[in-house]
Amino acid sequence: MNKLNFNRLLIPLLSILMGLLVGAIVMLIGGYDPIRGFSSLFEGMVGSPYAIGETLRAAAPLVFSGLAVAFAFRTGLFNIGVEGQVLIGWVAAVYVGINFDLPMFIHLPLAILAAMLAAAAWAFVPGFLKAKFHVHEVITSIMMNYIALYTTNAILRSVIGVTNERTESINESASLASPWLQELTQFSRLHWGVLIAVLAAIVYYYILQRTTLGYELRAVGFNKHASQYAGMSVNRNIILSFVISGMFAGLAGAMEGLGTFNGMTLSASFTGVGFDGIAVALLGANTAIGVVLAAILFAGLNIGGLAMQLGANIPSELVKVIIAAIVIFVASGYAFNYVIDKFKGNRKKGVEKK
Amino acid sequence: MSFLEVLYIVVPVALAYATPLIIAALGGIFSERSGVVNIALEGIMVIGAATGIITTLTLTDMGLGGLSPWISLLIAMVVGALFSLFLAVPAILWRADQTVLGVAINMLAIGLAIFVVRVLYNKGQTDFIEYRIAKENVPILSDIPVLRMFFINVQYTSFIAILLAFVVWFVIFKTPFGLRLRSVGEHPMAADTMGINVTKMRFMGVMLSGAFGGLAGAVYAVTVTTNFSGTTIVGQGFLAIAAMIFGKWNPLGALGAGLFFGFAQALSIIGSNLPVISNVPQVLLLIAPYALTILALAGVVGRADAPKSVGIPYIKGKR
Amino acid sequence: GGDDNEGASNGEGGGEGSNFKVAMVTDTGGVDDKSFNQSAWEGLTKFGEDNNLTENEGFKYLQSSKQADYQPNLQQLARDNFNLIYGIGFLMGEDIQKVAEQFPDNNFAIVDMVVDAPNVASITFKEQEGSFLVGVVAGLTTKTDKVGFVGGVESDLIKKFENGYKAGVMAVNPDATIDVKYAEDFNSAEKGTAIASGMYGAGSDIVYHAAGGTGVGVFTEAKNRKKNGEDVWVIGVDRDQYEEGLPENVTLTSMVKRVDTATYEVSKLAMEDKFPAGEIVEFSLKDDGVGIAETSSENVSADVLAKVEEYRTQLIDGDITAPATDAEFEEFMKTVK
Amino acid sequence: MEYVIEMLNIRKEFGTFVANDNITLQLRKGEIHALLGENGAGKSTLMNVLFGLYQPEGGEIRVRGEKVNIENPNIANDLGIGMVHQHFMLVEKFTVTENIILGSEPKSGLTVDRATARKKVMDISEQYGLRIDPDAKIEDISVGMQQRVEILKTLYRGAEILIFDEPTAVLTPQEIQELIQIMKRLIEEGKSIVLITHKLKEIMQVADRCTVIRRGRYIGTIDIDETVNEDRLAEMMVGREVNFNAEYSKADPQQVVLDVQKLVVKDSRGLEAVDGLDLQIRSGEILGIAGIDGNGQTELIEAISGLKKPESGKVLLNGKDVTGFTPRKVTESGVGHIPQDRHKHGLVLDYTIRDNMVLQTYYKEPFSKRGLMNYKAVAEKAKALIEKFDVRTPSVDVPARALSGGNQQKAIIAREVDRSPDLLIAAQPTRGLDVGAIEFIHEQLIKEREKGRAVLLISFELEEILHVADRVAVLYEGKIVGIRDPKETTEQELGFLMAGGKRGEETV
Ligand SMILES: Nc1ncnc2c1ncn2[C@@H]1O[C@H](COP(=O)(O)OP(=O)(O)OP(=O)(O)O)[C@@H](O)[C@H]1O
Ligand SMILES: Nc1ncnc2c1ncn2[C@@H]1O[C@H](COP(=O)(O)OP(=O)(O)OP(=O)(O)O)[C@@H](O)[C@H]1O
Ligand SMILES: [Mg+2]
Ligand SMILES: [Mg+2]
């Protein structure tokens with residue numbers, strides 16, 4: 001047990017180190033100075049209250065999209081449609097944020113709820129089609145992403161009435177923004193969403209590990225045949241899992257609409273939040289705490305990448321290479337285990353000889 | 001416009017749209033039939049597109065002229081196959097989760113490709129290539145009435161894609177190699193006991209998929225965008241995966257799915273020129289290809305059974 | 001590295017010019033988008049070179065890979081004491097507004113958008129005027145009396161291109177039909193080819209695009225068709241896109257939008273302490289902020305160019321007004337017939 | 001004496017676990033050599049070492065006197081060693097021929113030469129009397145034929161030494177007899193065979209010698225002749241005396257618990273697998289269903305337990321109509337179910353033993369309150385159950401996957417029996433288990449009966465049914481074609497009925 005926990009921590013840490021090493025090598029090949037690169041990268045990640053604020057701010061939506069992907073994974077499903085669900089959640093939150101005038105304690109929760117419900121409804125589609133028609137959820141989700149993209153723009157134009165690329169700003173009563181947090185972090189865009197993110201991670205853990213529903217969802221995820229024999233409704237669970245996953249995704253959209261951007265822009269391409277969520281979920285081993293940590297790391301590297309551009313003139317694409325390398329190394333945990341075991345084995349033998 | 005005139009417009013557009021999708025989906029089939037999930041197709045296409053453009057530019061500079069894009073296709077296949085080692089090695093040798101790897105490789109590809117372009121050209125996107133693979137009217141065939149819709153305004157790469165679908169079908173279902181490849185994706189332990197080298201077969205599956213993915217990306221780049229930037233390949237790989245599943249992991253199915261998709265896209269884009277469709281709100285036209293695909297899946301195609309062991313690392317002797 | 005320089009420049013007074021630092025934040029298109037980001041950067045580069053500034057120290061750009069990067073990029077530059085910071089593209093409006101508030105001592109400028117703040121200059125262009133002129137070219141050149149327009153994502157900005165163009169066509173060729181289509185995407189060359197294929201296939205012989213990367217597809221399709229002997233043209237946008245049309249030579253003309261002039265001029269004003277803070281700086285035909293490309297004489301006949309020149313004068317003199325919105329276009333059409 | 005195979009002092013470790021500890025097995029040419037041991041003793045492991053699937057940590061292997069290093073199955077094939085695995089190694093979507101030729105396909109040009117392949121396969125099949133349909137897909141053929149395909153695979157590759165790992169566990173009595181004939185024919189052709197089986201009767205019937213291992217250790221090798229009997233083998237294997245023919249108490253049937261009326265159920269291909277079946281079971285009796293696999297057993301169980309909707313007919317439980325109920329409702333009406341496929345249907349292998357113990361009851365108090373799990377209560381329950389049913393596991397917190405097959409089965413029985421169902425359906429509850437485990441499970445079934453439950457036992461092994469059941473119903477083509485008292489019938493009579501004889505003469 002002990003050894004297991006040890007390796008579970010050691011491997012991500014080693015992976016991060018090796019990922020950075022890969023980054024350094026690529027920097028050298030590209031003719032850049034790795035020391036300067038990394039110092040401005042870290043500076044930009046955590047080097048100032050501003051950096052920390054932006055890192056946490058950027059982590060919030062990733063926590064949600066990561067949880068969304070992880071939740072589906074834990075129940076045996078691949079929700080590659082988080083991207084589209086984020087967009088739908090975002091537009092719903094902004095709609096409520098703009099079109100209602102309510103006291104904050106009603107308005108803000110209402111806007112968040114709207115995001116969750118809209119995204120859940122979006123996620124219902126692949127779940128339902130899988131359950132009823134055996135349609136592979138991966139294709140449906142991919143298709144639903146594109147549909148979301150165009151539908152969102154159409155809603156922004158025809159329902160919210162955007163003519164000039166961007167919605168008006170949401171009413172303050174629906175905003176997650178906090179002048180206090182912003183000031184504290186030298187005008188980063190840190191907002192109250194980070195608290196909701198932490199809360200969501202706890203809820204995620206709670207649903208899966210503590211509730212009866214979680215027991216059932218995980219059982220179906222592991223073995224749907226046995227679950228069916230045991231009297232669980234596989235179809236209901238598939239749909240439910242997608243719907244809950246969609247709710248997390250919707251929250252990611254709410255973070256963007258009510259926290260970071262206070263509105264929404266007509267978008268011609270995907271936000272990337274959903275796709276990054278896949279990597280975050282997997283790096284975090286689909287556990288609540290893992291997802292939170294992975295999201296912070298991702299966000300930090302992304303934000304730090306901007307500073308790296310400024311401080312060392314290194315293109316921020318490099319950050320993508322580093323993140324990818326880290327994920328590949330984490331995924332290759334078996335190889336690490338093997339090497340670690342070999343290393344330990346050799347050492348033990350060495351000791352025995354003496 | 002007469003119905004035929006409409007087809008003369010729609011069919012070439014559909015073919016052009018379908019071409020890279022079909023090729024990439026064929027690649028996906030190789031990989032998944034061997035038991036390795038290939039979400040990385042998107043990233044491999046990115047690498048293929050970058051390679052296609054960079055080599056075309058270089059070869060043109062060397063004076064190869066109109067041959068450059070064709071040679072670049074071959075080089076993109078090689079580079080794609082090599083790049084797919086990022087998937088093959090951890091997935092097959094180190095038992096890494098294949099979906100995770102795929103997602104990471106997609107990120108790696110775009111990061112790496114742009115980085116290389118920056119290092120080579122000192123800017124974020126390449127110049128336009130001088131020689132591309134152009135649309136042509138096929139001699140003689142494009143004069144046949146009605147049938148000419150398949151031969152006007154068409155790139156030869158489209159025919160290559162269709163031909164490849166049949167070739168891949170032949171390889172997968174008729175040759176010993178195909179039999180072994182499929183056995184490894186269905187029941188690797190059974191294959192192993194029959195003396196088939198599971199590791200080798202899976203490497204071949206993934207690398208073939210890399211070659212096809214690279215080709216698909218390069219075809220896209222040298223026929224459509226004619227330069228490479230971070231937004232050259234955005235989502236085509238995922239659509240190819242959808243086409244692969246839609247086609248039930250069968251090369252001819254993928255061909256059909258790719259064409260279906262191409263037609264839906266072409267209709268949605270050209271639709272507003274047609275009398276019936278021109279009154280439909282644009283958003284409905286935009287989402288039509290995707291919605292139609294879902295409907296087709298739910299209504300007609302139904303359950304698609306993936307190769308049984310796809311996504312599961314093979315561990316000798318694991319029960 | 002950087003620290004030494006900072007110390008140095010803070011320590012000594014230095015010449016007036018060498019202390020001035022100017023930077024820009026690109027939108028997601030990137031600095032070499034062959035469009036307005038690139039144009040803006042060319043303006044800054046020229047400005048820098050003319051004033052002996054070093055790249056990355058005295059003049060610099062930061063690239064944004066997503067929308068969320070705009071604000072941190074702007075803030076980073078502000079914190080790094082750049083005197084004037086450009087946000088390139090209307091998508092950055094909100095962010096400029098915020099950051100300008102947070103950093104009242106820096107000056108900011110935004111392109112293609114109006115931001116109301118005391119330390120922000122808003123740079124806009126009368127794209128409808130330039131588009132009107134290329135519309136005139138199209139209307140007079142078309143042999144089929146059918147021309148096309150491909151927009152990226154439908155918005156007020158792109159509408160200015162569309163309406164100006166349509167008005168120009170109609171002004172000289174009231175019988176023409178204009179096929180308008182939005183790709184809902186600035187980056188899909190694939191859609192560009194498909195849309196162009198549809199337009200050319202249905203009889204249009206000239207297509208004007210205001211669609212960024214999607215427009216690349218329009219060029220590809222036109223080149224393919226020209227190669228096969230069809231007589232088709234593309235009208236480029238933002239910069240002179242003559243080269244994009246080679247080797248088949250399909251660029252009829254381009255509607256140029258001199259973002260480079262704008263960034264150059266505004267930087268110059270700022271360095272001379274004449275920064276138009278809180279003002280809208282509009283670039284139009286009159287000051288060569290928009291216009292048609294110089295290479296137009298290659299493919300456009302002299303008669304047509306003469307006609308263009310007529311309209312140009314009328315537009316500058318205010319005898320006619322190029323419409324920017326759908327409503328203005330309706331109004332304009334009443335004057336045509 | 002000439003040995004074709006000698007495995008000397010073989011040691012195989014899985015991590016820290018020693019599965020084979022110094023085991024020796026010597027195979028003479030032309031003999032059938034039985035390998036006997038409890039579940040988990042290490043038999044399959046030893047044979048996998050011989051076949052090149054595992055590399056041993058110690059010991060050496062000689063083939064025809066020569067020391068060899070069998071690094072992979074290819075080398076084993078080259079040495080003429082073929083293996084029929086415990087869990088079939090067949091690609092379900094492939095045809096019989098494709099499975100047989102896989103890896104050494106005849107070619108014509110670039111393609112697989114199907115005609116030649118088919119002919120070769122048919123030739124061997126005729127030579128050894130192994131009936132198969134060369135063009136059928138594996139997923140569509142019976143288990144017996146699948147097994148013959150496995151044997152053909154080895155013969156196609158020219159195997160001289162054949163390893164059979166529990167070939168009879170999944171076969172019907174007729175198929176077992178056929179297999180025994182096949183093995184004898186193989187010996188006549190000069191082949192040598194290692195046979196793993198838990199059925200002592202089979203060893204007595206065909207084996208020349210028998211090697212016994214226990215918990216990874218070598219116990220001994222004996223000649224099978226008049227001096228040995230089944231009891232002696234069992235004792236060697238288990239290390240204590242085993243009571244086979246325990247006399248169970250007499251049944252005392254009471255009211256009807258399960259009443260199946262004119263039931264019609266379609267199978268996955270849409271054929272009527274259960275075809276107007278009538279059946280009654282009373283409380284306090286065990287009704288055994290005898291029949292050849294594929295005569296509607298699976299569909300009957302699925303219809304009773306709510307997994308499949310019947311086309312027509314009724315299922316009454318304690319007089320209440322439960323036809324078409326969901327599995328959950330059927331369970332709640334008092335039905336327990338020991339499924340045939342324990343890995344697929346009985347357990348969530350990745351769940352801990354603890355979580356598996358409440359697979360049907362997790363949503364009820366005390367395990368769940370107001371939507372929340374009470375894992376403490378679950379753990380207590382699980383501990384009590386593994387104690388009571390002697391499930392051998394390091395703790396309740398290990399995944400079910402980690403347990404041996406026998407212990408997995410015990411865990412399922414513990415769970416199902418513990419819910420005190422009025423009707424207990426036991427489908428092949430002892431398949432693949434060793435004699436000790438079988439004895440235990442039979443005792444549990446009898447205990448249930450004594451508590452006044454109704455037990456529906458489905459088994460392909462007549463011996464088991466005759467031993468445990470109070471009444472035997474013979475199932476043929478979806479109907480009950482006869483009901484017999486096990487004391488008054490014989491295997492011959494049942495076998496005759498099962499094959500469709502005397503149909504229609506009996507009424508239920
Ligand atoms: N190959 C597959 N592709 C997609 N979804 C599947 C697939 N196999 C099973 N499912 C999903 O899992 C559920 C349960 O699977 P199961 O194998 O029991 O299906 P089934 O027995 O055909 O279902 P039904 O009882 O509805 O006929 C199905 O309802 C379906 O939603
Ligand atoms: N790959 C493996 N990894 C770890 N342990 C294993 C592995 N294979 C087998 N074992 C363990 O080794 C022991 C022997 O297993 P083996 O399959 O050889 O038993 P067996 O005698 O064939 O039993 P059965 O009669 O149930 O088939 C068991 O305890 C089993 O759990
Ligand atoms: Mg075994
Ligand atoms: Mg079923």
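Chain A is the first sequence line, chain B the second, and so forth, proteins listed ahead of strands; every chain is numbered from 1.
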(request) Output the option from A:Ile147, A:Val327, A:Val321 having the highest count of non-hydrogen pairs under 4.5 Å with chain B. (result) A:Ile147

(message) Is A:Leu283 close to chain B through its backbone or its side chain, or both, or neither, when contacts mean heavy atoms under 4.5 Å?
(response) neither

(request) Output, in order, the C-alpha distance, side-chain angles, deciding distance and verdict of ring pair (Phe, Tyr, Trp, His ring centres under 6.0 Å) for A:Phe270 and B:Phe238. (result) CA-CA 13 Å; A:Phe270 291 118; B:Phe238 288 112; 9.0 Å; no

(request) Mark yes when over 12 heavy atoms from residues, nucleotides or ligands other than A:Phe222 sit less than 6.0 Å from its CZ; otherwise mark no. (result) yes

Under 3.5 Å donor-acceptor pairs involving side-chain atoms of residues 98-110 of chain B, not counting sequence neighbours:
unit_1, atom_1, unit_2, atom_2, d
B:Gln98, OE1, B:Val37, N, 2.8
B:Gln98, OE1, B:Gly311, N, 3.2
B:Asn106, OD1, B:Gly43, N, 2.7
B:Asn106, ND2, B:Ile39, O, 3.1
B:Asn106, ND2, B:Gly102, O, 3.4

(request) Using the side chain to side chain contact (heavy atoms under 4.5 Å, CB included) rule, pick out the option among A:Leu129, A:Val135, A:Ile142 that qualifies with B:Ile294. (result) A:Leu129

(request) Under 4.5 Å heavy-atom distance to chain B, tell me which part of A:Val319 shows up: side chain, backbone, both or neither. (result) neither

(request) Nearest 0.5 Å please: distance from the CG atom of B:Leu292 over to the CE atom of A:Met143. (result) 10.5 Å

(message) The test is side chain to side chain contact (heavy atoms under 4.5 Å, CB included); show your working for A:Arg157 and B:Val283 and say whether it passes.
(response) CA-CA 11 Å; A:Arg157 284 207 188 94; B:Val283 59; over 6 Å; no

(message) For A:Phe329, which atoms come within 4.5 Å of any heavy atom of chain B: side chain, backbone, both, or neither?
(response) neither

(request) Enter the distance from B:Ile245:CD1 to A:Ile139:CD1 here, rounded to the nearest 0.5 Å. (result) 4.5 Å

(request) Could you pull out the closest heavy-atom pair between A:Lys320 and B:Gly111, with the gap in Å? (result) CB-CA, 4.0 Å

(message) Please report the interatomic distance CZ(B:Phe115) to CD1(A:Ile314), rounded to the nearest 0.5 Å.
(response) 7.5 Å

(request) Using non-hydrogen atoms and a 4.5 Å limit, figure out which bit of A:Phe73 sits close to chain B: side chain, backbone, both or neither. (result) side chain

(message) Can you tell me which portion of A:Thr151 sits under 4.5 Å from chain B's heavy atoms? Options are side chain, backbone, both or neither.
(response) both

(message) Counting heavy-atom pairs closer than 4.5 Å to chain A, which one of B:Val119, B:Leu87, B:Ile241, B:Leu286 comes out on top?
(response) B:Leu286

(message) Looking at every non-hydrogen atom in both residues, tell me the closest pair between B:Pro90 and A:Ser332 and how far apart they are.
(response) CB-OG, 3.4 Å

(request) Using a cut-off of 6.0 Å, state whether more than 12 heavy atoms not belonging to B:Phe86 lie near its atom CZ. (result) no

(message) As an exercise: rank B:Val234, B:Leu284, B:Asp97, B:Ile114 by heavy-atom pairs under 4.5 Å with chain A and give me the winner.
(response) B:Ile114

(request) Kindly assign one of parallel, tilted or perpendicular to the pair A:Tyr146 and B:Tyr290, based on the angle between their ring planes and the thresholds 30° and 60°. (result) parallel

